[in-house]
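Positions are given from 1, in the same order as the sequence printed here. Note that the coordinates shown come from a computational prediction; the quantities given were computed from them, not determined experimentally.
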Amino acid sequence: QVLLVESGGGLVQAGGSLRLSCAASGRTFSNYAMGWFRQAPGKEREFAAAISRSGAGTYFADSVKGRFTISRDNAKNTVYLQMNSLKPEDTAVYYCAALWVAFGGMWSRNPDEYDYWGQGTQVTVSS
C-alpha cells in the first residue's frame with residue numbers, strides 16, 4: 001500500500017505559478033514511476049506529467065510542455081509539479097499517482113495503469 005498526499009494547490013491569476021507536492025508513504029518510493037493527472041469539471045481525468053523512478057526521465061502532455069516541470073526527491077519520498085505561466089484552462093483537480101515499474105525507464109500516461117492515487121488538490125487559475 002502506498003499513501004499519497006498532495007498539497008500546494010490554490011487560486012492564482014493567469015500567468016502565475018504554483019508548485020504542487022505529493023508526499024508518499026508505505027512501500028519503497030523509488031520502485032514507482034510517478035504521474036500527475038488532472039480533472040476539470042465535466043471532463044475526464046487527463047495526463048499532465050510523469051517521471052521515471054530515478055527521475056532521469058520526464059514526460060509531459062503537449063498542453064503543459066514548456067510550462068510545467070516534474071521532479072522527485074527519493075530521499076524525501078516526494079514528487080513535485082512546478083507549474084508556470086498558468087492559464088485558466090489549467091483549472092482542475094490535480095492528482096498524483098504511483099505506478100510500480102520493473103525497469104527504470106518505464107512510465108505511462110494511462111491513468112488506468114497506475115496503482116495508487118492521492119486525494120487531489122484544487123488548482124484554480126483566474127483570468
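Checking side-chain atoms of Thr78 against main-chain N and O of Ala23 turns up no donor-acceptor pair under 3.5 Å. Side-chain atoms of Tyr59 never come within 3.5 Å of backbone atoms of Gly35 as a donor-acceptor pair (strictly under, hydrogens ignored). Judged purely by atom type and a 3.5 angstrom limit, Arg38 has no side-chain atom pairing as donor or acceptor with the backbone of Ala92. A distance-only check finds a donor-acceptor pair linking the side chain of Ser54 to the backbone of Ala56 [under 3.5 Å]. Judged by distance alone, the side chain of Gln1 and the main-chain N or O of Gly26 form no donor-acceptor pair under 3.5 Å.
When side chains are defined from C-beta on, Pro111 does not count as touching Phe47, because their heavy atoms never get closer than 4.5 Å. Using a 4.5 Å cut-off on side-chain heavy atoms (C-beta onward), Thr58 and Thr69 make no contact. Residues Gln82 and Ser17 meet the side-chain proximity criterion, which asks for heavy atoms closer than 4.5 Å. Looking only at side-chain heavy atoms (C-beta outward), Tyr94 and Leu81 come within less than 4.5 Å of each other.
Relative orientation of the Trp117 and Phe37 rings is tilted, given thresholds of 30° and 60° on the angle between their planes.
Scored by the side chain to side chain contact (heavy atoms under 4.5 Å, CB included) test, Arg72 finds Phe29, Met34, Ile51, Arg53, Asn74, Val79 as partners (sequence neighbours excluded).
Remark: Arg27 fails to qualify as a cation-pi partner of Tyr32 under the 6.0 Å distance and 45° angle criteria applied to the six-membered ring.
Considering all non-hydrogen atoms of both residues, Tyr114 and Ser108 come closest at OH-O, 2.6 Å. Between Ala24 and Val2 the shortest heavy-atom distance is CB-CG1, 4.3 Å. Listed here is the closest heavy atom pair of Leu11 and Ser126: CD1-CB, 4.3 Å. Counting all heavy atoms, side chain and backbone alike, Leu20 lies closest to Trp36 at CB-CH2, 3.6 Å.
To the nearest 0.5 Å, atoms CG (Asn31) and CG (Leu99) are separated by 11.5 Å. Atom-to-atom distance recorded for Phe68:CZ and Asn84:CG is 8.5 Å, nearest 0.5 angstrom. Atom OG of Ser21 is separated from atom OH of Tyr80 by 5.5 Å, given to the nearest 0.5 angstrom.
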Full working for side-chain contact (heavy atoms from CB on, under 4.5 Å) between Val101 and Trp107: CA-CA 7 Å; Val101 295; Trp107 69 283; over 6 Å; no
Tyr116 and Trp100: CA distance, side-chain angles, deciding distance, ring-ring contact (aromatic ring centres under 6.0 Å, His included) verdict: CA-CA 9 Å; Tyr116 301 102; Trp100 186 89; over 10 Å; no
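A salt bridge does not link Lys87 to Asp90: none of the charged side-chain nitrogens sits closer than 4.0 Å to a carboxylate oxygen.
With hydrogens and angles left out, the side-chain atoms of Thr124 and Gln122 include a donor and acceptor closer than 3.5 Å. No side-chain donor-acceptor contact under 3.5 Å links Glu6 and Thr121.
Hydrophobic clustering of Ile, Leu, Val, Met, Phe, Trp and Tyr side chains at less than 4.5 Å, counting indirect connections, unites Val64 with Met83.
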